[in-house]
Amino acid sequence: MTRLSVEMLAADPVEPITSAGHAQLGIAVLLGIAVIVLLITKFKLHAFLSLTIGSLALGAFAGAPLDKVITSFTAGLGSTVAGVGVLIALGAILGKMLADSGGADQIVDTILAKATPRSMPWTMVLIASVIGLPLFFEVGIVLLIPVVLMVAKRGNYSLMRIGIPALAGLSVMHGLVPPHPGPLVAIDAVDANLGVTLALGVLIAIPTVIIAGPVFSKYAARWVDVPAPDRMIPQRASERLDKRPSFGATLATILLPVVLMLLKALVDIIIDDPDNVVQRTFDVVGNPLIALLVSVIVGIFTLLRPAGFGKDRLSGLVEKGLAPIAGILLIVGAGGGFKQTLIDSGVGQMVLDISKDWSIPALLLAWLIAVVIRLATGSATVATVSAAGLVAPLAADMSTTHAALLVLAIGAGSLFFSHVNDAGFWLVKEYFGLNVGQTIKTWSVMETIISVVAGALVLLLSLVI
């Protein structure tokens, strides 16, 4: 297991923008994070503005010149958006194509038609995990909620027995598997290998989603027994379409970017020769930007054309797909700015200096930091980008696999105990017609199980790879 050690100090330190001592820097970090938490929770300020103000406050508390703090923040914002912004945009377009073409409905309906009552919770996990690969969590919920409610009502199932597995599938994909924004930001921050992180993320996601989904749903159904609320069943996209894409074509389009990125990682491991033509080819094809771009182009022919979409509707669909992610891009970018401010202030080196004699594993430290920020801000994305900035120096001397595990430790911690300061908490509460206590006993506990199980699996994997 990779531990904090003196050897990590061998990496060339970044020249800090302040000469503050460890004590002042530590206080500055706490006050900077406190400003972000207070603005988000107390004053309900948007996370983008909160992160921006918190970054400036951090630099001021650390005694750094304001012009240098601004330079660090804007540089971090720019590099983060440059690294993951296009990927988030392409993922949003693919998700919109999947939803509007009726492709998502086709996958859901096909799988449900073959499911038995006993296998239904497992079926919901499968549906949510597949649908959740290219979609943001909120979009996935909007797509799956009608299915969950209709299955529960028509089959006379417990809402929690069906709903919890679906939510678990979406949440695990969101926190652990790129190309979701959180994992992408952490990969960029710690300079991890995307293909290896994707492969290990899927490996950890499978047992995690089983435990937090079908297994936990048995208990959640006993604790909270509520009927499916009729008022929350919206119209599905395919109800407005005369035809929709086939199951096979839709599934192939969803899985295409994942397969391309995994193939790149596999070729890198097998060949390991940067000058080899095959490896260079897969380095291009498996690049996440190319993989997602190819999937979007393929989706035009496999999703939109079969659904009867003409050229005139394609432009409008792309615009509608991009509009909802403006806020996400700004939050992710500001999180990158906060991360760079932390690094340039010397906080990363301070973490190494102070903790070099600790016996706490680096992966556990990353998980704990993400947990604290998640509990305080309610945002998995804010927790991920902030924790990644704090622990990025720990990855300097890590192996490729352990750097990937560091990303997954951060992702797991960022999902811990969603509560009243998390937008997802209220989304689930309103869609399922629950009260606050019922939402905590189901959704919040499920998120905690995901975080703890995934975190434990990360630590176990670090012992053997």
Side-chain angles (χ1 to χ4, degrees), residues 78-98 129-137 139-140 172-205 251-271 274 278-300 302 318 321-322 325 328-329 331-333 335-336 339 381 384-385 388 392 395 400-401 403-408 410-411:
S79 64
T80 301
V81 172
V84 303
V86 177
L87 305 184
I88 293 173
L90 289 172
I93 294 170
L94 183 59
K96 186 65 173 174
M97 291 167 64
L98 183 69
S129 299
V130 172
I131 295 295
L133 275 172
L135 297 179
F136 296 117
F137 178 80
V139 178
V172 169
M173 293 295 118
H174 174 74
L176 299 179
V177 181
H180 285 282
L184 281 177
V185 171
I187 288 168
D188 183 65
V190 308
D191 197 24
N193 182 287
L194 188 143
V196 174
T197 307
L198 173 60
L200 293 176
V202 171
L203 182 64
I204 289 173
L251 186 62
T253 306
I254 292 173
L255 296 179
L256 180 58
V258 177
V259 170
L260 291 176
M261 286 186 277
L262 285 176
L263 283 175
K264 175 191 178 300
L266 187 62
V267 170
D268 287 345
I269 294 171
I270 294 174
I271 298 178
V278 175
Q279 181 168 347
R280 291 175 64 183
T281 301
F282 276 93
D283 282 345
V284 174
V285 175
N287 181 287
L289 187 151
I290 299 299
L292 281 167
L293 181 60
V294 167
S295 299
V296 168
I297 294 172
V298 169
I300 294 174
T302 59
V318 171
L322 291 176
I325 67 165
I328 295 173
L329 279 175
I331 293 171
V332 167
K339 173 209 72 175
T381 304
T384 299
V385 296
T400 302
T401 52
L405 289 175
L406 184 68
V407 170
L408 297 175
I410 294 169

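Quick note: numbers below take in every heavy atom, side chains included, and nothing from hydrogens, waters or symmetry partners.
The two residues Gly321 and Ala92 have their closest heavy-atom pair at O-CB, 3.5 Å. Across all non-hydrogen atoms, the minimal contact from Pro274 to Arg280 is O-CG, 3.1 Å. When all heavy atoms of Pro183 and Val407 are compared, the closest pair comes out as O-CG1, 3.9 Å. Minimum interatomic distance between Val190 and Ala392 (heavy atoms only, all atoms of both residues): CG1-CA, 4.0 Å. Across all their heavy atoms, Leu176 and Ala205 have their closest contact at CD1-CA, 4.4 Å. The two atoms that bring Gly333 and Val81 nearest to each other are CA-CG2, 3.8 Å, heavy atoms only.
With rounding to the nearest 0.5 angstrom, the CD1 atom of Ile297 is 8.5 Å from the CD1 atom of Ile290. In this structure, CG on Leu322 lies 8.5 Å from CG on Leu90, to the nearest 0.5 angstrom. Remark: Thr400 OG1 to Leu405 CG distance equals 11.0 Å, nearest 0.5 Å.
A search for side-chain contact (heavy atoms from CB on, under 4.5 Å) contacts involving Ile270 returns Leu266, not counting sequence neighbours. With sequence neighbours excluded, the residues forming a side chain to side chain donor-acceptor pair (under 3.5 Å) with Thr253 are Thr302, listed by chain and number. Thr80 meets the side chain to side chain donor-acceptor pair (under 3.5 Å) test with no other residue; sequence neighbours excluded. Under the side-chain contact (heavy atoms from CB on, under 4.5 Å) criterion, Leu329 pairs with Ile88, Ile325, sequence neighbours left out. For Ser79, there are no side chain to side chain donor-acceptor pair (under 3.5 Å) partners, not counting sequence neighbours. Residues that satisfy the side-chain contact (heavy atoms from CB on, under 4.5 Å) test with Val278, not counting sequence neighbours, are Val267, Ile271, Asn276, Phe282. Legend: residues meeting side-chain contact (heavy atoms from CB on, under 4.5 Å) with Leu256, ordered by chain and number and at least two apart, are Leu260, Val294, Ser295, Val298.
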Return a table of donor-acceptor pairs under 3.5 angstrom between the side chains of residues 192-204 and protein atoms on other chains or two or more places apart.
{"from": "Asn193", "atom 1": "OD1", "to": "Gly195", "atom 2": "N", "distance (Å)": "3.0"}
{"from": "Asn193", "atom 1": "OD1", "to": "Val196", "atom 2": "N", "distance (Å)": "2.9"}
{"from": "Thr197", "atom 1": "OG1", "to": "Asn193", "atom 2": "O", "distance (Å)": "2.7"}

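Applying the salt bridge (Lys or Arg N to Asp or Glu O under 4.0 Å) test to every pair with at least one member in residues 187-203, sequence neighbours left out, gives no pairs at all. For residues 282-293, there are no side chain to side chain donor-acceptor pair (under 3.5 Å) pairs, not counting sequence neighbours.
Within the 4.5 Å cutoff, the side chain of Lys96 has no heavy atoms near those of the Val318 side chain.
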